[in-house]
Structures are given as structure tokens and as C-alpha cells.
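Contents: one structure, followed by commentary.
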Amino acid sequence: RLNLREQLIKELEIIPLEVVCRNVAAGSLSQRFGLPEGQALPRSIIEFYLKDDKLGDPMVTEEHITAFNWASTQEIDDMMALTLRVNDFLTGTFGAVGITLVDFKVEFGRLWENDFARVILADEISPDSCRLWDTQTNEKLDKDRFRRDLGDVIESYTEVARRLGIMKEMPTVIQGGLH
Ligand code: UDP
């Protein structure tokens, strides 16, 4: 971040996969395996989906990923390790403010340095791509409020920002100021 409005962006070669990490059953996992939403998973589970809206982002296995050359075995290992680090960090960050990180999606890209490509995170992390539930009440504070027509979308996103202590920047942005 250079300032409130500018970021320095590295150009990456995007890997065409969505990497989902889950701690608690919800959404498509619950539907696929008939698990009640809210059931804690025995351990964090990582899944890969092909980034292709026309095909509805189908789930893929390591076999598909390596056979079709979307990523190498080493890159799959790197993406899994990075995703688990993100999960540990975010679980702690949200846990400290009374929010359960149910699941989230991230994407990765290759940063080329001469002939060597390093896999790095290439995505935003926000309530649009995470499931965030209030730890006490299980109230949804994420995009499911929009997807499931629960209302109070802005209030919920604002509540997440407020609990994380990043609200003080928001009035400045809304007023269009640059301080
Ligand atoms: N997700 C996302 N973009 C997508 C699909 C899923 O950010 O195109 C996120 C979603 O918000 C949730 C997690 O990935 O946090 C797992 O989503 P799921 O597979 O349960 O699909 P959904 O029920 O959201 O269709």
C-alpha cells in the first residue's frame, strides 16, 4: 500500500484455480456430503476448483491439475502450504474478535524472477470470499447474507470491519478525502 488510494501491484501469471479451505461444514460441502451446516470438520480441508464461470467452477483433483498442466505438483504443495498459513493467520485474527472463519477461497499466481517462478497469494480476502459467523450466535456476517437474501449486508460487512479495528478509515473514503 502506497497510500489510501494506491497500491504497488506485481504482475503475476494467474494459476486458473480457486483454492478453498474449510474448517466448518457449510455451502457446497454440506450439500455434497449431507453434512449439517455448522458441524466442525475433523481437520481443515483444502479443495481445488477450476476457474471457469462457463463451466460453473467444477471441482478438480491433483490428477486433473497436473495432467492438464494448470499447475505442477510442487506448485500444488506450495498453494496448500500457503493456504494453511493464511487459514491459521485468519482463524486467529477473526477468533480474537469473536468471529469463526468457516471457510474461504483464495487464488494464486506465479511471480517470475528470471527463469524461476514463485507462487504467491493473488487475491483479496474479504467477506465476499469468506464465510464468517459470529462465534456466539452463529449469525452470518458474510456474502451469504446477500446470496441467501438475509438482508443487512452492509451492516454485517461494517460490523466485521469495526471488530477488526479498520473502520476509522471508512468515513474518510466515503467523504472522498485523502488524508
Ligand atoms: N467462494 C468464492 N468464490 C466462488 C466460490 C466460492 O469466494 O466462486 C467462497 C465462498 O464464499 C465460501 C467458500 O469459497 O467462503 C466455499 O464456497 P462453497 O464451495 O461452499 O460454495 P458456495 O456455497 O458459496 O456456492
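The residues of the chain are indexed from 1 along the displayed sequence. Whatever order the structure lists them in is the order used to number ligands and atoms, beginning at 1.
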Does the protein place any heavy atom closer than 4.0 Å to atom 6 (C) of ligand 1? no
Does [X] pair with [Y] as a salt bridge, N-O distance under 4.0 Å?
X	Y	answer
Glu155	Arg162	no
Asp57	Lys51	no
Glu47	Arg32	yes
Glu6	Arg1	no
Lys105	Asp123	yes

Proximal atoms of ligand 1 relative to [X] (non-hydrogen, under 4.0 Å):
X	value
Gly27	20 (O), 23 (O)
Arg147	10 (C), 11 (O), 24 (O)
Glu18	3 (N), 4 (C), 5 (C), 8 (O)
Asp57	8 (O)

What is the closest protein heavy atom to [atom], and at what distance does it sit?
atom	answer
atom 24 (O) of ligand 1	Arg131 NH2, 3.2 Å
atom 13 (C) of ligand 1	Asp103 OD1, 3.5 Å
atom 9 (C) of ligand 1	Lys105 CB, 3.6 Å
atom 18 (P) of ligand 1	Ser28 OG, 3.3 Å

What do the steps show when you test Asp144 against Lys140 for salt bridge (Lys or Arg N to Asp or Glu O under 4.0 Å), and what is the final call? CA-CA 7 Å; Asp144 274 347; Lys140 298 180 195 333; 5.3 Å; no
Please classify the Arg22 to ligand 1 contact at 4.0 Å (heavy-atom distances, strictly less than): side chain, backbone, both or neither. side chain
From the options Ile99, Leu141, Asp142, select the one residue that forms a side chain to side chain contact (heavy atoms under 4.5 Å, CB included) with Trp133. Asp142
Test item: side-chain donor near acceptor, Ser28 and Arg22, under 3.5 Å: yes
If we only consider heavy atoms of Lys143, is any one of them less than 4.0 Å away from an atom in ligand 1? no
Below the 3.5 angstrom mark, is there an N/O of Glu47, backbone or side chain, next to an N/O of ligand 1? no
